Amino acid sequence: QQAHGGPPCWVRDAGESYACPGCPSSGLRERPRSQTALASRARQGLHWGPGQGNGRRRESTALSQEPTPPTAPSTSSAELEVRLLRRLTSVVLAPHDFEEGLRVALEVLCEETGAVLGQAWLPSADGGRVECSRAWHGTAPDHEGFHTFSRGIRCVHGRGLPGRVAKSGRPSWIRDVVQDPDFPRAPLARAIGLGAGFAVPVPSPGGLVAVVELFFAEPRDEDAELVERVASAAAHLGAALERLRALDALRESEDRYRL
């Protein structure tokens, strides 16, 4: 670039040449800089300032700072898992029996995930079905009717949302339970305004403890991170619930012995 006052000088930036607008002798307007040139300056941490089209450059204060490391996309879901584990641990450490511990666990899961209704299904004595337990949590009065209806259903392994999870041992998500052909409670779900639903197994070293199903108030595409975090928390919950059930059995045995 030549000194101002001489012949017009030209600035070359990222393959773009344009007349230096600061040269009074140029008599030329500044050629619009392309997006490529602007991007090049941004990468260098350089911006054109007002009245600085004369080839001088100033550093952008914001861009000259040390870059902030990007936040991991899974941070919020990881925090959800930590909160779930902390709250569920406090549930099972409290003096609950098995059913009450399961009910409070469902309440925690609903509060942390935004679900409006939660239920738990338990393996039947013959091991071929799952049956809806008395433990549940709802956020609206008409949810009780849905739970009562569920209590009358026996899902064989592989059928229905809880039956599929009981058979596969893996979580399952339904975008809209009202539209799912393998959801026999669809008419009632429509009546009370349920949308998406998903279920996760609650395993323990001794086998399946329960299947937890959670419902939302609107259809939703599958949230894989949410499912993963809930399933992880449920895996930790299983052994704790198994201990509560063993304590229930011990108390019943002691009561019979006293009689």
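All values derive from a computational prediction rather than experimental measurement. The first residue of the sequence shown is numbered 1, and numbering continues consecutively from there.
Under the 4.0 Å criterion applied to side-chain N and carboxylate O atoms, Glu112 and Arg229 are not assigned as salt-bridge partners.
Enclosure of atom NE2 in His236 is not indicated, since only 12 or fewer non-hydrogen atoms of other residues, nucleotides or ligands lie within 6.0 angstrom. In Arg175, the CZ atom is crowded: over 12 heavy atoms of neighbouring residues, nucleotides or ligands sit closer than 6.0 Å. In this structure, Glu144 places its CD atom where only 12 or fewer heavy-atom neighbours from other residues, nucleotides or ligands lie under 6.0 Å away.
Of all non-hydrogen atoms in Val165 and Ser172, the two that sit nearest each other are CG2-CB, 3.7 Å. Across all non-hydrogen atoms, the minimal contact from His147 to Ser133 is CE1-O, 3.0 Å. For the pair Trp173 and Asp221, the tightest heavy-atom approach, listed with the atom from each and the gap, is CZ2-O, 3.3 Å. Smallest separation of non-hydrogen atoms from Leu122 and Ala210: CD2-CB, 3.7 Å. Considering every non-hydrogen atom in both Gly197 and Val177, the closest pair reads N-CG1, 3.9 Å. Here the closest heavy-atom approach between residue Gly118 and residue Cys110 is recorded as N-SG, 3.6 Å.
Here Glu111 pairs with Arg87 under the salt bridge (Lys or Arg N to Asp or Glu O under 4.0 Å) rule; sequence neighbours left out. For His143, there are no ring-ring contact (aromatic ring centres under 6.0 Å, His included) partners at least two apart in sequence or on another chain.
Rounded to the nearest 0.5 Å, atoms CZ (Arg159) and CD1 (Ile153) are 11.5 Å apart. Here the CG-CD distance, from Asp176 to Glu218, works out to 10.0 Å after rounding to the nearest 0.5 Å. Here the CD-CG distance, from Gln119 to Leu214, works out to 9.5 Å after rounding to the nearest 0.5 Å. From Trp121, atom CH2 reaches atom CG of Leu208 across 13.0 Å, with rounding to the nearest 0.5 Å. With rounding to the nearest 0.5 Å, the separation of CZ in Arg164 from CG in Asp182 is 5.0 Å. Going from atom CG of Asp97 over to atom CZ of Arg245 covers 12.5 Å, rounded to the nearest 0.5 Å.
Using a 4.5 Å cut-off between side-chain heavy atoms of Ile, Leu, Val, Met, Phe, Trp and Tyr, with links allowed through other members, Val227 and Leu109 fall into the same hydrophobic cluster. Leu85 is not connected to Val200 by any chain of hydrophobic side-chain contacts under 4.5 Å among Ile, Leu, Val, Met, Phe, Trp and Tyr, and they are in different clusters. Note: the hydrophobic cluster containing Leu241 also contains Leu106 (ILVMFWY, side chain heavy atoms under 4.5 Å, direct or indirect links). Residue Trp136 is not grouped with residue Val104 when hydrophobic side chains (ILVMFWY) are merged at heavy-atom distances under 4.5 angstrom, including chains of intermediate members. Residue Phe198 is not grouped with residue Ile174 when hydrophobic side chains (ILVMFWY) are merged at heavy-atom distances under 4.5 angstrom, including chains of intermediate members.
Looking only at distances, a side-chain donor or acceptor of Ser124 sits under 3.5 Å from a matching main-chain atom of Arg129. In this structure a side-chain-to-backbone donor-acceptor pair under 3.5 Å is present from Arg151 to Cys132. Side chain of Thr139 to backbone of Val116: a donor-acceptor contact under 3.5 angstrom is found.
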Inset, instruction - With side chain to side chain contact (heavy atoms under 4.5 Å, CB included) as the test, would you mind laying out the steps for Gln179 and Arg190 before giving the verdict? - result: CA-CA 9 Å; Gln179 303 297 329; Arg190 182 194 300 274; 4.1 Å; yes
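Ring planes of Phe146 and Phe215: perpendicular class, angle over 60° (limits at 30 and 60°).
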